[in-house]
Peer 1: 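Here it is, the structure, as structure tokens.
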Amino acid sequence: MSLFLTLFYNYAFYSNVLKVYPPTQDNILFLFSTAIILVSLTAFVIAVFASKWTTKPMLIIILLVSSMTAYFMNSYHVVIDHDMIRNMIQTDIQESVDLFSFKQVLYFIFLGLIPAYVVYKIPIAYRSFKKEFMSKIKYLFVLAMVMVLTVLSFYKFYSSFAREHKPLRYSTNPTYWIYSVGSYINTTFTSGPIKIKALGRDAKVLKEKYESPKIVILVVGEATRADHFSLNGYHRETTPQLKQEDIVNFSNVYSCGTSTAISVPCMFSYYGKSDYSYKKGLYTENVLDVLNHTNEISILWKDNNSDSKGVALRVPFMYYKNNFYNKVCIEGECRDEGMLGDLDTYITEQKGKDILIVLHQMGNHGPAYYKRYPKAFEKFTPVCKTNQLEACTQEEIRNAYDNAILYTDDFLAKTITLLKKYNTTHKTAMIYISDHGESLGENGIYLHGLPYFMAPKAQVHIPAFMWANETFRDSLSLDKIDTTKKYTHDNLFHTLLGLFSVQTEVYNPTLDIFNTTKD
Ligand SMILES: [Zn+2]
């Protein structure tokens, strides 16, 4: 099994290793030794858990899962780390259908089902428990010795492998995904009851009596990259309607993570990127809770993406991915603009209270970009009409991706039009910020989710901009803001508190983008 897995499931690993260590005379023995390590390591892991009751089910699961990890690693150059496992678990059925392809079926049959069937059928003779135990100890010892001796014989190579080329090990299969499952469990679950840590219970709105109420619509974008917005100088006109509006564009903004599951909770979290973790984010109240503690702000989360990733658990939440609330479900997809549907009613019902509405978009969710916009927005052609991105040219992928941005441009323009109706009664603003970027095939990398330190700029440099009506603009003194300064998701927490003039001990004015009094 170990030899089989090493030979047929590690194409990604070997193609990455060969890039760093080309098969020269100096490297050839070392390259061969990596296979010995991989076979021994896989055998070691399997042997630890093997027993009369576990061997077959374990091997069958490993084969089925590894056939899929091999497919995703080979096709999209993704890394199956604990964050990717989280993404997979939090992905809903509809998104999985989007990813589904014929090639994936072939992987599943030839690397999953058929070998799993062979394992199922093959007879294994077990000896007594004592004999099995003793031989297992010997076996593990021999494997450990083989690994130690191999590493020592190529010490120079393995020390550089461990220090400088750490990412190479991320594409080993199945060892790395098995490690990642353990790491996922470790970073996700706690023993004992969950207790949410309170935050900013002292929050209150500082407001003049005559000040008009505020409506802020925060649009959380999906998988859009800054360099594909004409607001940031992209050579194509991808935001023709926003161009007509008075937009304040922030050109130098970076995401907290490279996936929805990390970035969305992180951007609403009190913790910055440097001290954020999934558990801390989930078990501590976020900026929506702090705003809620004022009892003076109505908060509503509308979701057309998947869910709020735990952010909106304690505020009103509406799901727009089916036609229950969403009245714009056409061509097989519920559109983002459906979230605007009943907003007027909602705003009227709040009777002059301050309002924060979060719209979590489907946006540019890949790989089926061509499904993310109505036909009328297919301006850039030809487009990639399959989820097998590697089967399309980069031009076709970019066309489909840019058309989806055109549709977001339309959605945002409609949002601004809606806000303009409240010009005389409210201070209104729309903020757009993406959760992370996207790779479109540069260097063979697609989609997103690479570990942050090795992610290309395309996955972390995100579009962010705002529109505000005149009364809001004046009070924010927007012209004083340096829009080219580097900002990150860390700024959102404090900027939202600032926008609603909330006073609390957890507010840090230096991170509030609109606070111009700080220096
Ligand atoms: Zn996302």
Side-chain angles (χ1 to χ4, degrees), residues 72 76-99 218-229 253-269 273 276 278 281-282 286 301-312 317 319-321 333-336 339 358-369 371-373 387 389 397 400-402 404-405 407-408 411-412 431-440 445-452 455-464 488-490 492:
F72 285 110
Y76 298 116
H77 292 229
V78 296
V79 167
I80 314 291
D81 62 1
H82 66 258
D83 290 323
M84 188 56 83
I85 305 244
R86 193 184 324 285
N87 295 337
M88 289 175 180
I89 289 170
Q90 294 190 0
T91 296
D92 59 29
I93 301 289
Q94 204 181 337
E95 290 175 46
S96 312
V97 172
D98 260 13
L99 271 168
L218 171 64
V219 179
V220 178
E222 173 57 54
T224 50
R225 45 191 279 180
D227 61 350
H228 276 239
F229 277 64
V253 182
Y254 287 82
S255 66
C256 174
T258 61
S259 66
T260 313
I262 298 175
S263 279
V264 171
C266 180
M267 71 169 95
F268 289 91
S269 163
K273 180 181 180 303
Y276 172 82
Y278 180 76
L282 199 60
N286 57 57
W301 183 295
K302 293 191 173 208
D303 210 297
N304 195 36
N305 186 297
S306 43
D307 58 54
S308 75
K309 308 297 172 199
V311 177
F317 175 91
Y319 187 66
Y320 276 79
K321 274 186 89 172
E333 179 143 320
C334 291
R335 300 295 177 194
D336 288 332
M339 292 191 284
V358 181
L359 304 178
H360 191 196
Q361 266 193 287
M362 189 61 172
N364 277 45
H365 198 294
Y369 308 118
K371 289 185 181 171
R372 297 291 101 82
Y373 53 85
N387 54 17
L389 295 176
I397 297 168
Y401 184 83
D402 288 347
I405 296 180
Y407 178 56
T408 284
F411 165 65
L412 297 175
I431 299 171
Y432 172 88
I433 187 162
S434 185
D435 60 346
H436 51 78
E438 187 87 330
S439 286
L440 296 173
I445 300 170
Y446 296 93
L447 305 172
H448 54 264
L450 278 184
Y452 204 93
K457 195 178 174 192
Q459 293 192 18
V460 296
H461 183 206
I462 47 168
T488 69
H489 276 155
D490 293 5
L492 188 68

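In each ligand, atom 1 is the first atom listed, and ligand 1 is the first ligand listed. The structure presented is a predicted model; accordingly, all values stated were derived computationally and were not measured.
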Peer 1: As a test of understanding, state which of D307, N87, N305, D435 forms a side-chain hydrogen bond (donor to acceptor under 3.5 Å, both in side chains) with T260.
Peer 2: D435
Peer 1: Do the rings of Y432 and F229 sit parallel, tilted or perpendicular, given the 30° and 60° boundaries?
Peer 2: tilted
Peer 1: H436 vs H448 aromatic rings, parallel, tilted or perpendicular, using cut-offs 30° and 60°?
Peer 2: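 Because their plane-to-plane angle lies in the 30° to 60° range, the rings of H436 and H448 count as tilted.
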Peer 1: So among K371, K321, R372, which one has a salt bridge (Lys or Arg N to Asp or Glu O under 4.0 Å) with E333?
Peer 2: R372
Peer 1: Take the angle between the ring planes of W301 and F268 and call it parallel below 30°, perpendicular above 60°, tilted in between.
Peer 2: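 Aromatic pair W301/F268 classed tilted.
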Peer 1: Everything protein-side that's N, O or S and under 2.8 Å from the Zn ion (ligand 1): list it, residue and atom.
Peer 2: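 N, O, S partners closer than 2.8 Å: E222 OE1, E222 OE2, T260 OG1, D435 OD2, H436 NE2.
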Peer 1: If I take atom NE2 from residue H489 and atom OH from residue Y276, how far apart are they, to the nearest 0.5 angstrom?
Peer 2: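 Rounded to the nearest 0.5 Å, the NE2-OH separation comes to 11.5 Å.
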